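Take a look at the structure below.
Every number for a ligand or one of its atoms is a count from 1 in the order of the listing. Remember, it's a predicted structure, so these values are computed and weren't measured experimentally. Just so you know, these numbers use all the heavy atoms, side chains as well, and skip hydrogens, waters and symmetry mates.
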Amino acid sequence: MSTKKVVVIGAGVAGLTTALLLSKKPGYKIVVAAKHMPGDYDIEYASPWAGANYMPVSIGGTEAAKWDKDTWYPLADLAKNHPEAGVHFQECEIHSRAKDKGSATANWFAELLSPNPWFSKVVPNLLVKVQVAPKVVPAPRHGLGHGFHFISQCLGNGVIFKRAVYNHILDAAADCSVQLGGKADLIVNCTGLMASKLGGVEDKSVYPARGQIVIVRNDAGGKMLDVSGTDDGDDEACYVMTRAAGGGTILGGSYQVNNWESQPDPNLAIRIMKRAVRMCPQLTNGKGIGSLDIIRHAVGLRPVRQGGTRIEKERIGGLWVVHNYGAGGAGYQSSYGCAQAAVDLVEEACGTRSML
Ligand code: FAD
């Protein structure tokens, strides 16, 4: 069987995980081509901004829940057995306030706040309490470190990385022919929010949900804290989480639908810090926000897609394209499940899938 030449467009968590899983299969030559790579910070690049925790919001019985479930086991393995991956376990307390019932955040968190979420059978040490709703042990990641870990693993498996910006998805096929030794047989589309603008795709059901955060050096005491809503509006959120490997503590946040603003809003930043310090006084030993030691203010855009992540194969201009984009606020916690589903489609399209 001849080697199949594949271009993965995108080096966010979706592109890197898909390239990594595909590179473990024999018979593929792979190039990851992207405008942004780990180490870059840009409003078109969601992955560096995520707290990157595992806190499923998918509804039991759906495809999304399966992708989340299939992601738990590899993440737990990384946390337990591969410290170099920068993935760690962290206790998480989620507070459910009765007054948030029916709000956008509470609806988004519905499964998470339910007394018997589907993942109670997957995630160990899940305690469901009345009022102080699920207490879980998630696996947050340090996004940046994890990106580099993925690149190293991909490089070890022979994947080639290159910078490129495409106006049309099919431009990638010829553009990578030098690295692939000929025109690509298949393109994997992991362009996140930019799938809404990429020629040949232009998916208008993809839109941003803006997340503003403050990253500080202060310590939250090792726990992640989250609450079902705030008193400052439906599109604001309150969470505190510590990143692995000295990545700082993230104070969040917001979920502002269809808002493309790349610059931090200073008033929102003050509200985020005030809420975080109120919820987690140990951040500043009971002192106010003046005692927060700020690393940076930041904004990321979650690539949300109406109807959920798109994992499909499609013929475009006579070439197979496999899509894996639109994970919204769940790109890390669904990463392995989505990537595996995309790899299955690549194998189907290339006729390399074993039915055993
Ligand atoms: P991206 O990371 O945006 O990557 C897209 C890639 O495609 C980039 O490399 C880009 O350069 C490339 N690209 C796009 N267009 C082109 C083009 N035309 N030509 C060449 N290259 C192109 N998720 C969780 O699971 N847990 C969390 O706790 C969590 N917290 C979050 C908090 C915040 C504040 C934010 C903003 C997001 C959070 N998320 C979380 C969501 C998560 O960050 C995203 O779902 C995920 O990063 C999306 O990854 P992606 O690879 O699809 O897209």
Side-chain angles (χ1 to χ4, degrees), residues 7-19 32-58 67-68 71 75 90 92 138-144 146-147 150 161-169 171-172 175-176 187-202 206 208-215 224 226 237 239 241 243 250-256 259 262 264 272 298-305 309-311 323-339 342:
V7 181
V8 176
I9 311 180
V13 65
L16 292 177
T17 318
T18 308
V32 174
K35 183 173 178 185
H36 305 100
M37 295 274 177
D40 297 348
Y41 291 105
D42 195 278
I43 197 65
E44 292 179 6
Y45 191 28
S47 294
W49 308 117
N53 64 344
Y54 184 92
M55 234 167 58
V57 288
S58 51
W67 296 328
D68 285 347
T71 302
L75 283 189
Q90 188 176 63
C92 174
R141 307 185 195 178
H142 177 270
L144 183 61
H146 200 79
F150 265 32
F161 286 82
K162 73 171 261 176
R163 295 272 183 172
V165 184
Y166 300 118
N167 291 324
H168 194 282
I169 190 159
D171 296 346
D175 183 58
C176 295
I187 294 171
V188 184
N189 173 23
C190 299
T191 52
L193 185 58
M194 291 302 114
S196 60
K197 299 193 172 162
L198 179 64
V201 181
E202 288 168 289
V206 176
R210 182 178 181 275
Q212 182 167 324
I213 54 174
V214 185
I215 308 175
M224 172 168 178
D226 206 337
Y239 57 87
M241 74 172 89
R243 280 173 155 180
I250 296 187
L251 317 180
S254 66
Y255 194 90
Q256 298 166 309
N259 185 336
S262 64
I272 288 172
V299 175
L301 302 180
R302 300 171 182 90
V304 186
R305 181 170 177 271
T309 310
R310 183 177 185 199
I311 303 184
H323 301 286
N324 177 8
Y325 66 83
Y332 282 86
Q333 64 202 22
S334 63
S335 54
Y336 278 86
C338 289

Measure across [X] and [Y] and return the closest heavy-atom pair with its distance rounded to 0.1 Å.
X      : Y      : result
Gly51  : Ile250 : CA-CD1, 3.6 Å
Val206 : Ser196 : O-CB, 3.8 Å
Gln212 : Ser254 : N-OG, 3.0 Å
Thr18  : Ala342 : CG2-CB, 4.1 Å
Tyr166 : Ala33  : OH-CB, 3.5 Å

Exercise for the section: Determine whether the side chains of Asn53 and Tyr332 contain a donor N or O and an acceptor N or O closer than 3.5 Å. Expected result: no
If you measure every N or O of [X] against every N or O of ligand 1, does any of those distances drop under 3.5 Å?
X      : value
Ala52  : yes
Ala46  : yes
His36  : yes
Ala34  : no
Leu301 : no
Ala14  : yes
Ser334 : no
Tyr166 : yes

Any idea which of [options] brings a heavy atom closest to [atom]?
atom                    : options                : answer
atom 16 (C) of ligand 1 : Val32, Thr191, Thr17   : Thr191
atom 45 (O) of ligand 1 : Ala330, Gly328, Ala327 : Gly328
atom 2 (O) of ligand 1  : Ser47, Ser335, Pro208  : Ser47
atom 37 (C) of ligand 1 : Met241, Arg302, Arg163 : Arg302

Ligand 1 versus [X], non-hydrogen atoms closer than 4.0 Å: side chain, backbone, both, neither?
X      : answer
Pro303 : side chain
Glu44  : backbone
Cys190 : backbone

Problem - Close approach, Tyr325 and ligand 1, non-hydrogen under 4.0 angstrom - result: no
Exercise for the section: Look at ligand 1 and say whether Asn53 reaches it with a heavy atom at a distance under 4.0 Å. Expected result: yes
Handout entry: Note, Leu16 side chain near Pro38 side chain (heavy atom, < 4.5 Å)
Key = yes
Can you tell me the protein heavy atom closest to [atom] and the distance?
atom                    : result
atom 38 (C) of ligand 1 : Ala50 CB, 3.5 Å
atom 33 (C) of ligand 1 : Trp49 O, 3.8 Å
atom 40 (C) of ligand 1 : Gly329 O, 3.3 Å

Is it true that a side-chain atom of [X] and a backbone atom of [Y] form a donor plus acceptor pair closer than 3.5 Å?
X      : Y      : result
Thr71  : Gly337 : yes
Tyr45  : Ala11  : yes
Tyr54  : Asp68  : yes
Asn259 : Gln256 : no
Thr309 : Tyr325 : no

Please identify which atoms of ligand 1 are closer than 4.0 Å to at least one heavy atom of [X].
X      : result
Leu198 : 18 (N)
Val165 : 19 (N), 20 (C)
Met194 : 14 (C), 15 (N)
Gly10  : 6 (C), 7 (O), 9 (O), 12 (C)
Gly300 : 36 (C)

Handout entry: Aromatic ring proximity Trp67/Tyr336, centre distance under 6.0 Å
Key = no
Handout entry: Sidechain N-carboxylate O distance under 4.0 Å for Lys35, Glu44
Key = yes
